[in-house]
Amino acid sequence: MTKLLDAPASPARPSRPGRAGRGASGGGPTGPGRTPLSARGIATGIRNLLTSPKYGPVTVTAILFVAIFIVGGVRYRGFFSGQVFLNLLVDNSYLIVLAVGMTFVILTGGIDLSVGAVVALSGMIAASLLQTGWSPGVVIPLILVLTSVLGLLVGLMIHVFKVQPFIATLAAMFLARGLCYVISQNSISITDATFVELAVARIPLGGNLSITPSVVIALVVVAIAVWVLHATRFGRTVYAIGGGEHSGLLMGLPVARTKVLVYVISGFCSGLAGVLFTFYTLSGYPLTAIGTELDAIAAVVIGGTLLTGGYGFVLGSVLGVLVLGVIQTIITFEGTLSSWWTKIFIGALLLVFIILQKVLTARRR
């Protein structure tokens, strides 16, 4: 006992640099003793961002868009103007709306091959009804209701009868394209004053910059979609289904209702995209938008949404559309390349981003 009482105290640990006087001298996290963020920490943060399956692909897409735009600005005179950038939105406003609907579907792990045919069907319905004297105030809501009902039928087919989304939407694609030929086998011009006015209208932004009403509509759709996906229970359920449908069922989430509603949203967006496309072309034609469904899927995947669902952002899909648009613009500025080079570049980018997604998800597991 005496030996224990007389034992010398253990020597004090030397204080580490930056930790001495934490409570007395104010050298805490906000005090003057805090060291600045190191370059290694910044590099680690960037690496974690780029290797994240959630943020990595969309970050790469943003970098890719900026890089391509800079290359175009360096190579071509007048490419660096603000109107060139705004024209990307003007020319692709319908595709932005289409990609928004496709994002909802792919986030749940599904696919929708019918959107291009529904765009054509919307244009044919609009052109034929307007030609017979119907008011645009009746035609446009009717188109949105009809395409939403088609999306509802597809969603019910997938949920109730357990049909694979690929097959169900393929059937809807043939149905919509066939209905286009039932309406007319020839192109129908739109001469309605309201449609013509919307087609030629420009909204000035100052400094000789302008956009069209279609761009405003597309941006409103994007804003609503971002809010729905990130601030509502429905949006959280969409992500949960993509992460694991069985897990969502075990958590008591409304999986069935959500799976059906995403196809209703896709149908609604397809109908709206068809209306915007008629503003752009002022006609309806049965062969309109052939392959557009593949452009929408490519934009969503290039924008960072995983094909297996669970990860992705609407703004990433918008970036994907802009990447496709800037590639087309560069080919137009070049003047010597065929428009088919756009498809070649899109195919190459799609392969790269699918491989990138596979690598990032495999590393995370």
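The shown structure was predicted, so the numbers you read here are calculated from the model rather than taken from an experiment.
Looking only at distances, a side-chain donor or acceptor of Gln83 sits under 3.5 Å from a matching main-chain atom of Ser210. No donor-acceptor pair under 3.5 Å is formed between the side chain of Tyr280 and the backbone N or O of Ser93. Under the 3.5 Å distance criterion, the side-chain polar atoms of Gln357 are matched with a main-chain donor or acceptor of Thr305. A side-chain donor-acceptor contact under 3.5 Å links Arg177 to the backbone of Pro286. Side chain of Asp192 to main chain of Phe195: a donor-acceptor pair is present (N/O by atom type, distance under 3.5 Å, no hydrogens or angles). For Thr147 (side chain) and Gly267 (main-chain N/O), a donor-acceptor pair under 3.5 Å exists by modelled atom type. Proximity of a side-chain donor or acceptor of Ser266 to a complementary backbone N or O of Val262 within less than 3.5 Å is not detected.
Between Phe85 and Phe80, the distance separating the two ring centers is not shorter than 6.0 angstrom. Taking the six-membered ring for Trp, Phe79 and Phe333 have ring centres closer than 6.0 Å.
When all heavy atoms of Val154 and Ala168 are compared, the pair lying nearest together is CG1-CB, 4.3 Å. Nearest heavy-atom pair, Ala172 versus Ser114, reported as atom, atom and distance to 0.1 Å: CB-CB, 3.8 Å. Between Leu113 and Met173, the shortest heavy-atom distance links the atoms O-SD, 3.4 Å. When all heavy atoms of Ala117 and Ala176 are compared, the closest pair comes out as CB-CB, 3.7 Å. Closest heavy-atom contact between Gly155 and Val260: O-CG2, 3.7 Å. Across Gly316 and Val58, no two heavy atoms sit closer than the pair CA-CG2, 3.6 Å.
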| field | Test log, rule side chain to side chain contact (heavy atoms under 4.5 Å, CB included), inputs Val105 and Val300 | value | CA-CA 10 Å; Val105 172; Val300 173; over 6 Å; no
| message | For Arg202 and Val90: C-alpha separation, side-chain torsions, deciding distance, then whether side chain to side chain contact (heavy atoms under 4.5 Å, CB included) applies. | response | CA-CA 10 Å; Arg202 305 291 293 195; Val90 171; 4.1 Å; yes
| Trace of the ring pair (Phe, Tyr, Trp, His ring centres under 6.0 Å) decision for Phe313 with Tyr55 | CA-CA 9 Å; Phe313 302 96; Tyr55 299 106; 5.6 Å; yes
| request: Could you walk me through whether Phe104 and Phe234 pass the side chain to side chain contact (heavy atoms under 4.5 Å, CB included) test, one step at a time? | output: CA-CA 11 Å; Phe104 277 86; Phe234 173 79; 3.9 Å; yes
| said: Under the criterion side chain to side chain contact (heavy atoms under 4.5 Å, CB included), I'd like the reasoning laid out for Leu287 against Tyr181: C-alpha separation, chi angles, the key distance, then a yes or no. | reply: CA-CA 9 Å; Leu287 295 177; Tyr181 287 98; 2.7 Å; yes
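Follow the hydrophobic side-chain contacts under 4.5 Å out from Val255 and you never reach Tyr239; the two are in separate clusters. Connection of Val149 to Ile125 is not established within any shared hydrophobic cluster, with ILVMFWY side chains joined at heavy-atom distances below 4.5 Å, either directly or through further cluster members. No path of Ile, Leu, Val, Met, Phe, Trp and Tyr side chains, each step under 4.5 Å between heavy atoms, connects Tyr311 with Val352, placing them in separate hydrophobic clusters. Taken together through direct or relayed side-chain contacts under 4.5 Å among Ile, Leu, Val, Met, Phe, Trp and Tyr, Leu153 and Leu175 form parts of separate hydrophobic clusters. Residue Ile241 is not grouped with residue Leu156 when hydrophobic side chains (ILVMFWY) are merged at heavy-atom distances under 4.5 angstrom, including chains of intermediate members.
Inspection of the Ser317 and Thr103 side chains reveals an N or O donor paired with an N or O acceptor under 3.5 Å. Looking at Asn186 and Ser184, their side chains never bring a donor and an acceptor atom within 3.5 Å of each other.
Residues Leu315 and Val222 meet the side-chain proximity criterion, which asks for heavy atoms closer than 4.5 Å. The side-chain heavy atoms of Val119 and Val115, taken from C-beta on, include no pair separated by under 4.5 Å. With a 4.5 Å cut-off on side-chain heavy atoms, Leu209 and Leu86 count as touching. Under the 4.5 Å side-chain criterion, counting only non-hydrogen atoms from C-beta, Trp341 is not in contact with Ile346. In this structure, the side chains of Ile143 and Leu129 stay at 4.5 Å or more apart for every pair of heavy atoms. Side-chain contact between Leu107 and Leu229 is present, with at least one heavy-atom pair separated by less than 4.5 Å. In this structure, Thr194 and Leu130 have side chains that are not in contact, with every pair of non-hydrogen atoms separated by 4.5 Å or more. At least one side-chain heavy atom of Pro254 sits less than 4.5 Å from a side-chain heavy atom of Arg233.
Atom OG1 of Thr212 sits about 8.5 Å away from atom CG of Asp91, to the nearest 0.5 Å. The CG atom of Asp295 lies 10.0 Å from the CE atom of Met102; values are rounded to the nearest 0.5 Å. Rounded to the nearest 0.5 Å, atoms CZ (Phe161) and CD1 (Ile158) are 12.5 Å apart. Of the inter-residue distances, the one linking Ile188 atom CD1 with Thr278 atom OG1 reads 12.0 Å to the nearest 0.5 angstrom. With values rounded to the nearest 0.5 angstrom, Ser270 atom OG is found 10.5 Å from Leu144 atom CG. Atom-to-atom distance recorded for Leu219:CG and Ile96:CD1 is 6.5 Å, nearest 0.5 angstrom.
By the neighbour-count criterion of 12 heavy atoms within 6.0 Å, atom CD of Glu334 is densely surrounded, having more than that number from other residues, nucleotides or ligands. In this structure, Arg257 places its CZ atom where only 12 or fewer heavy-atom neighbours from other residues, nucleotides or ligands lie under 6.0 Å away. Within 6.0 Å of atom OH in Tyr285, 12 or fewer heavy atoms from other residues, nucleotides or ligands are found, so the atom counts as exposed in its surroundings.
Paired with Leu319 under the rule side chain to side chain contact (heavy atoms under 4.5 Å, CB included), one option of Ile302, Leu324, Val314, Thr61 passes, and it is Thr61.
In this structure, Tyr94 and Phe277 have perpendicular ring planes: the angle between them is above 60°, well past the 30° mark.
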